[in-house]
Structure formats: C-alpha cells, structure tokens
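A quick write-up on the structure given underneath.
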Number of protein chains: 2
Amino acid sequence: MNYEIRRIENILKQKNYKITNGRKEIIKLFVKNRNNHYKPEKIYDLVKSYNISFPTVYRTIEILKKSGIIKETIIDRDRYYELQMFSKKSLHLHLKCMECGMVSDYIDTKSILYLLDQKDKIEKQHEMVLNNIYTTFYGICRDCRR
Amino acid sequence: MNYEIRRIENILKQKNYKITNGRKEIIKLFVKNRNNHYKPEKIYDLVKSYNISFPTVYRTIEILKKSGIIKETIIDRDRYYELQMFSKKSLHLHLKCMECGMVSDYIDTKSILYLLDQKDKIEKQHEMVLNNIYTTFYGICRDCRR
DNA sequence: TTTTTTGCAAAGACTTTGCATTGGA
DNA sequence: TCCAATGCAAAGTCTTTGCAAAAAA
C-alpha cells in the first residue's frame, strides 16, 4: 500500500504538484479503500479532522481525476470517486439501491465484452469515437427489502 | 398528436391536476418532439414566450415524471426529459458527445435483451430487485470530429 | 526564497420553497 | 366560488473562485 501511495505521489511530483498534507490524506483514503465509491462530502467527512477544507477536497479530486488516479462516476445527480490506478476492474457496471443509496460494483467479464462489442458497432453506425461506457442498474438491495 | 395530448391531459385530470396553460404547453412540447431529450433550461427557453416561469417548468416536470408521462435520464450532472408514454422504445441506451453535449438514443434490441438477462443474473446473485437500467456511451460525434 | 496551495468567505449554477395573487373547474 | 397553480423573490444545495496567509520545495 505504501508503495502505491509513493507511486501516486511521484506521479503528482512529476506534474509539479506539491505533496501537501491534504493531498496525502486524500490519496491514502482512496488507496486504503479501493473498493469504495465516495462522494465529495463523504471524502470531506473522512479527512476534515486533518484540517482539510471543502475547496481543498474538490481541488484535490480534480487533480487526481485529471492525472488518471481516480475515476469519476455520476449516478443520479451525485459524483462518486474511486481509485482507478492499480485497479483490476478496467470497466465495470454499477448497482444502486434507490432506498438507501448504496452503490456497488458489478463486475462481469461477459457484459464488458458485450458492451465493448456494442461500442465498435456504434462507432461504425454513428461515426463516433467512443471512449467510455457507464451502466447503472437501479433497484432495491437485500438489506432494504427486509 | 392531439389525441395523445388529450389522453395525457385526462390522466392529469384523473389525478386532480388542473389543465393550465403552462402544463398544456409543456405537454405539447414533449408530444411534438418525442425523440428529443430536453434539459429543464431548454424547456424553459421553449415555453417562456407563453409566460411560463422556471418554477412552473420544474413543478410540471415533476408531475409529468410522477405520472409516468415523461422519463428522466441523468447524464453527467444534467437532467434530460423525454416522452415516455406512447414510446415504442421501452429501454434504450444513450450516446453523448463530450464535445458538443449532444445526446441521442441508441436502440438495439440485442443489447436490451442482453442487459435484461444481466438484470436477472444480478437479482439472483446480489439478492436485489432491479427496475431500471441506464447505459451511456461517451465519445465524440461525427460533426465534432470534422 | 519563490511559487504553489490553503482556508475563508463569497460568488455561481441549478433547483426548490414561501407566499400573495391568479386562474381553472 | 374555492382550491390548486402561478410568478416572484428568496432560500437551499452543491461547487467553484478570489485573495491574503501559509506551506512546500
């Protein structure tokens, strides 16, 4: 984990970003919780004890996103961020519970291959160049059905 | 078209909503342009000449959505609305151009069947009940590539 | 030291709400 | 007539920005 944090920090250094306390904590959060999807507010909640403000959270998210370290997914009107580097899930689908708001991954190789196939088809048919696919399934999760 | 407008108005009447001028114009807009996806601001632009305010646009959208007459799709952080009633496309995918913002439909029966199949699989595997699927492909459209 | 980053407060975009007035049935 | 719907202005969210102070290199 520390190796990964150092690698991320090096990427930022190469881009002439300074490794500040705020950035360190936010990077640590993503590396430590690589399967979680965090909204900006949640990130703020988790790091505010280190005296990190909302603008810094947003500004850091922007840098990490631009650098390909984290990935943004928008579900409903909310932004979610998760670690993209070192991630084995290249493309994945999301599930969202409409009751409690829980968002989780759905990783299924066949679906991904299917969607990539569609991508090729659309590129030809619509003469577009596509570079991202988002799929979200909405429903009620196990816990909320009880 | 007029028949469809009257049918929508009857649905609203049954729910004890009054058929006001503002609601009439917004319904007409959706029925006349059934393949378009409109953001709230665009709807406002198209009806403001009838003295319809922003709050009325938002309130009408809410009613039409709750009544199953229009369907909301969120792409990036923007809301888009389109006619759902009388629509032959039960489930469809969206394409978005990241350059000009254009959003269009991608209708492909095989993809839909595939996703519905995945839905069943997820429902079993995750013990969820799913009732909606959204897929968006992002890229650059033909016009913007020129 | 020098330049970037920060926190704060304020501004911005988009959306919703309170309320007196208007208008549909 | 009577209650729902409207426009206006104001308030709410969430996010971004300007700026002086602080911190990294």
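Atoms considered below: every heavy atom in the structure, side chains included; atoms not considered: hydrogens, waters and symmetry mates. We name chains A, B, ... by the order of the sequence lines, and we start the count at 1 in each one.
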Check your understanding: Between D/dC14, D/dA25, D/dC8, which nucleotide gets closest to the side-chain atoms of A/Glu41?
Key -> D/dC14
At under 4.0 Å between heavy atoms, what does [X] touch on the DNA or RNA strands: base, sugar-phosphate, or nothing?
{"X": "A/Ser53", "value": "base"}
{"X": "B/Asn51", "value": "sugar-phosphate"}
{"X": "B/Tyr17", "value": "sugar-phosphate"}

Round to the nearest Å and state the distance from [X] atom [atom1] to [N] atom [atom2].
{"X": "B/Ile63", "N": "D/dA4", "atom1": "CD1", "atom2": "C1'", "answer": "10 Å"}
{"X": "A/Tyr81", "N": "D/dT15", "atom1": "OH", "atom2": "C1'", "answer": "10 Å"}
{"X": "B/Tyr58", "N": "D/dT13", "atom1": "OH", "atom2": "P", "answer": "16 Å"}
{"X": "B/Arg59", "N": "C/dT15", "atom1": "CZ", "atom2": "C1'", "answer": "11 Å"}
{"X": "A/Ile61", "N": "D/dC14", "atom1": "CD1", "atom2": "P", "answer": "14 Å"}
{"X": "B/Asn21", "N": "D/dA5", "atom1": "CG", "atom2": "P", "answer": "14 Å"}
{"X": "A/Asp78", "N": "D/dT15", "atom1": "CG", "atom2": "C1'", "answer": "13 Å"}
{"X": "A/Tyr44", "N": "D/dC14", "atom1": "OH", "atom2": "P", "answer": "14 Å"}

**Study point:** Residue whose nearest DNA chain C nucleotide is more 5′ - A/Asn16 or B/Lys18
**Key:** A/Asn16
Revision key, fill the gap. Ranking B/Phe54 and B/Thr20 by the position along DNA chain C of their nearest nucleotide, the one closer to 5' is B/Phe54
Practice item. Please round to the nearest 0.5 Å and tell me the distance separating atom CZ of A/Phe137 and atom CD of B/Gln118. Key: 6.0 Å
**Study point:** Salt-bridge present (B/Glu123, B/Lys119; N to O < 4.0 Å)
**Key:** yes
Check your understanding: Quick one: is A/Thr56 getting a side-chain N or O under 4.0 Å of the C/dT5 phosphate, OP1 or OP2?
Key -> no
Check your understanding: Are any of B/Arg79's side-chain N or O atoms less than 4.0 Å away from OP1 or OP2 of C/dA13?
Key -> no
Exercise for review: Let me see the working for B/Tyr138 and A/Tyr134 under ring-ring contact (aromatic ring centres under 6.0 Å, His included), right down to the final yes or no.
Suggested key: CA-CA 8 Å; B/Tyr138 289 84; A/Tyr134 286 93; 5.6 Å; yes
**Study point:** Any donor-acceptor N/O pair under 3.5 Å between C/dG24 base and B/Arg23 side chain
**Key:** no
Exercise for review: Using a cut-off of 6.0 Å, state whether more than 12 heavy atoms not belonging to A/Asn51 lie near its atom CG.
Suggested key: no
**Study point:** Intermediate values then yes/no, side-chain contact (heavy atoms from CB on, under 4.5 Å), B/Glu41 and B/Phe54
**Key:** CA-CA 8 Å; B/Glu41 186 166 4; B/Phe54 248 120; 4.2 Å; yes
